[in-house]
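This one's a predicted model, so the numbers in the text were calculated from it and none came from an experiment. Each chain gets a letter, A, B and so on, in the order its sequence line appears, and its residues count up from 1.
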2 protein chains.
Amino acid sequence: MDDACTINLTVRYLTKKWMLLIILELYKGDDHTRRFSDLRDSLDGITPKVLSERLKELEDEGILTRKVDATAFPIKAEYTLTASGLEIVEVIRGIKRWALKWKIENIPCGKQDCGVCVL
Amino acid sequence: MDDACTINLTVRYLTKKWMLLIILELYKGDDHTRRFSDLRDSLDGITPKVLSERLKELEDEGILTRKVDATAFPIKAEYTLTASGLEIVEVIRGIKRWALKWKIENIPCGKQDCGVCVL
DNA sequence: CGGTATCCTTTCGGATACTG
DNA sequence: CAGTATCCGAAAGGATACCG
């Protein structure tokens with residue numbers, strides 16, 4: 001089973017839809033932190049179900065930590081990138097560099113102010 | 001549409017099942033070249049349909065080139081990594097480094113002789 | 001606010017058989 | 001050898017509604 005391979009195990013979840021975008025949103029946040037509704041609003045088109053699933057997977061993988069303040073009302077939940085999560089951003093940068101080098105016709109993200117994947 | 005983003009456009013196809021493994025197989029081949037049946041045999045469990053699809057996608061993305069010798073019998077087809085294809089291996093290395101650093105319990109690929117994803 | 005529960009559609013990939 | 005053609009089941013993700 002090729003699934004036992006580190007690379008594939010990793011790629012499997014890192015490449016699910018929205019995954020990288022969520023990591024980037026967290027990265028862009030103050031202290032690399034963001035709230036649930038904040039993420040939902042930033043990621044145009046994502047549904048709460050999928051966002052919730054992804055956040056749980058990322059937490060399971062140790063890429064982010066979740067802190068809930070249940071005493072507050074309304075409830076406040078914060079998601080923060082861990083050290084390993086911050087390092088994944090480097091991998092994403094690598095992908096972006098590759099893409100910009102070989103797919104230059106793809107203008108949008110060449111801009112420093114690309115709202116989607118600023119790196 | 002977030003699909004217009006370079007990173008996501010790239011990740012979309014790079015992360016399809018078998019994709020990275022195919023690139024690695026090509027990378028391991030002499031002159032980073034391999035034949036169809038060779039790939040099919042090396043990638044345990046892949047079906048000709050999927051392999052064919054993936055190779056076409058990789059060719060479309062300029063990651064490999066295809067050369068067919070139709071005069072020969074049986075027909076001989078060779079797939080070779082391009083310059084950009086070779087550079088993607090670096091990205092994959094980045095993922096592997098990250099995984100080995102943060103997911104060390106995942107032993108198999110720590111070995112230099114891991115047959116699946118030697119890098 | 002921060003989710004969960006359902007349902008439903010679509011997409012993907014596997015199995016198998018066949019062809020130039 | 002190097003694929004293509006069909007068919008099918010599983011799984012992922014979207015839409016929507018509802019709850020603590």
- Task: Indicate yes or no: at least one non-hydrogen side-chain atom of A/K56 is less than 4.5 angstrom from one of A/L58.
- Result: no
- Query: Can you tell if the side chain of A/I23 reaches within under 4.5 Å of the side chain of A/L14, non-hydrogen atoms only?
  - Reply: yes
- Can you tell me the distance, in whole Å, between the NZ atom of A/K76 and the P atom of C/dG2? 9 Å
- Atom-pair distance (CZ on A/R66; C1' on C/dC1), nearest Å: 12 Å
Protein-nucleotides 9-16 of chain C N/O pairs closer than 3.5 Å?
{"unit_1": "C/dG13", "atom_1": "OP1", "unit_2": "B/K17", "atom_2": "N", "d": "3.1"}
{"unit_1": "C/dG13", "atom_1": "OP1", "unit_2": "B/R54", "atom_2": "NH2", "d": "2.7"}
{"unit_1": "C/dG13", "atom_1": "OP2", "unit_2": "B/R54", "atom_2": "NH2", "d": "2.2"}
{"unit_1": "C/dG13", "atom_1": "O5'", "unit_2": "B/R54", "atom_2": "NH2", "d": "3.4"}
{"unit_1": "C/dG13", "atom_1": "N7", "unit_2": "B/K49", "atom_2": "NZ", "d": "3.2"}
{"unit_1": "C/dG14", "atom_1": "OP1", "unit_2": "B/K17", "atom_2": "NZ", "d": "2.9"}
{"unit_1": "C/dG14", "atom_1": "OP2", "unit_2": "B/W18", "atom_2": "NE1", "d": "3.3"}
{"unit_1": "C/dG14", "atom_1": "O6", "unit_2": "B/K49", "atom_2": "NZ", "d": "2.4"}

- Message: My understanding is that only residues two or more places apart in sequence, or in another chain, count here; which of them pass side chain to side chain contact (heavy atoms under 4.5 Å, CB included) with A/E90?
- Response: A/R93
- Task: Applying side chain to side chain contact (heavy atoms under 4.5 Å, CB included), name anything that partners B/S37, two or more places apart in sequence or on another chain.
- Result: B/R40
- Query: How many angstroms lie between atom NZ of B/K17 and atom CD1 of B/I22, to the nearest 0.5 angstrom?
  - Reply: 11.5 Å
- Query: What distance separates A/H32 NE2 from A/L24 CG, expressed to the nearest 0.5 Å?
  - Reply: 11.0 Å
- Query: What bend angle does the helix from C/dC1-D/dG20 to C/dG20-D/dC1 show across its length, from five-pair end axes and to the nearest 10 degrees?
  - Reply: 50°
- 5' to 3' contact window, DNA chain D with chain A (heavy-atom distance under 4.0 Å): D/dG13 to D/dG20
- Message: What I want to check is whether the side chains of A/R34 and A/Y79 have a donor and an acceptor closer together than 3.5 Å.
- Response: no
- Task: Using only heavy-atom distances, determine whether the side chains of A/D31 and A/T33 contain a donor-acceptor pair under 3.5 Å.
- Result: no
- Sequence-distant partners of B/R35, side-chain hydrogen bond (donor to acceptor under 3.5 Å, both in side chains), two or more places apart: none
- Where the side chain of A/K103 meets the backbone of B/E61, is there a donor-acceptor pair that is under 3.5 Å apart? yes
- Note on the structure: By nearest-heavy-atom nucleotide on DNA chain C, the more 5' of A/K56 and B/I75 is A/K56
- Query: Should A/Y79 be listed as having a side-chain N or O under 4.0 Å from OP1 or OP2 of C/dG3?
  - Reply: yes
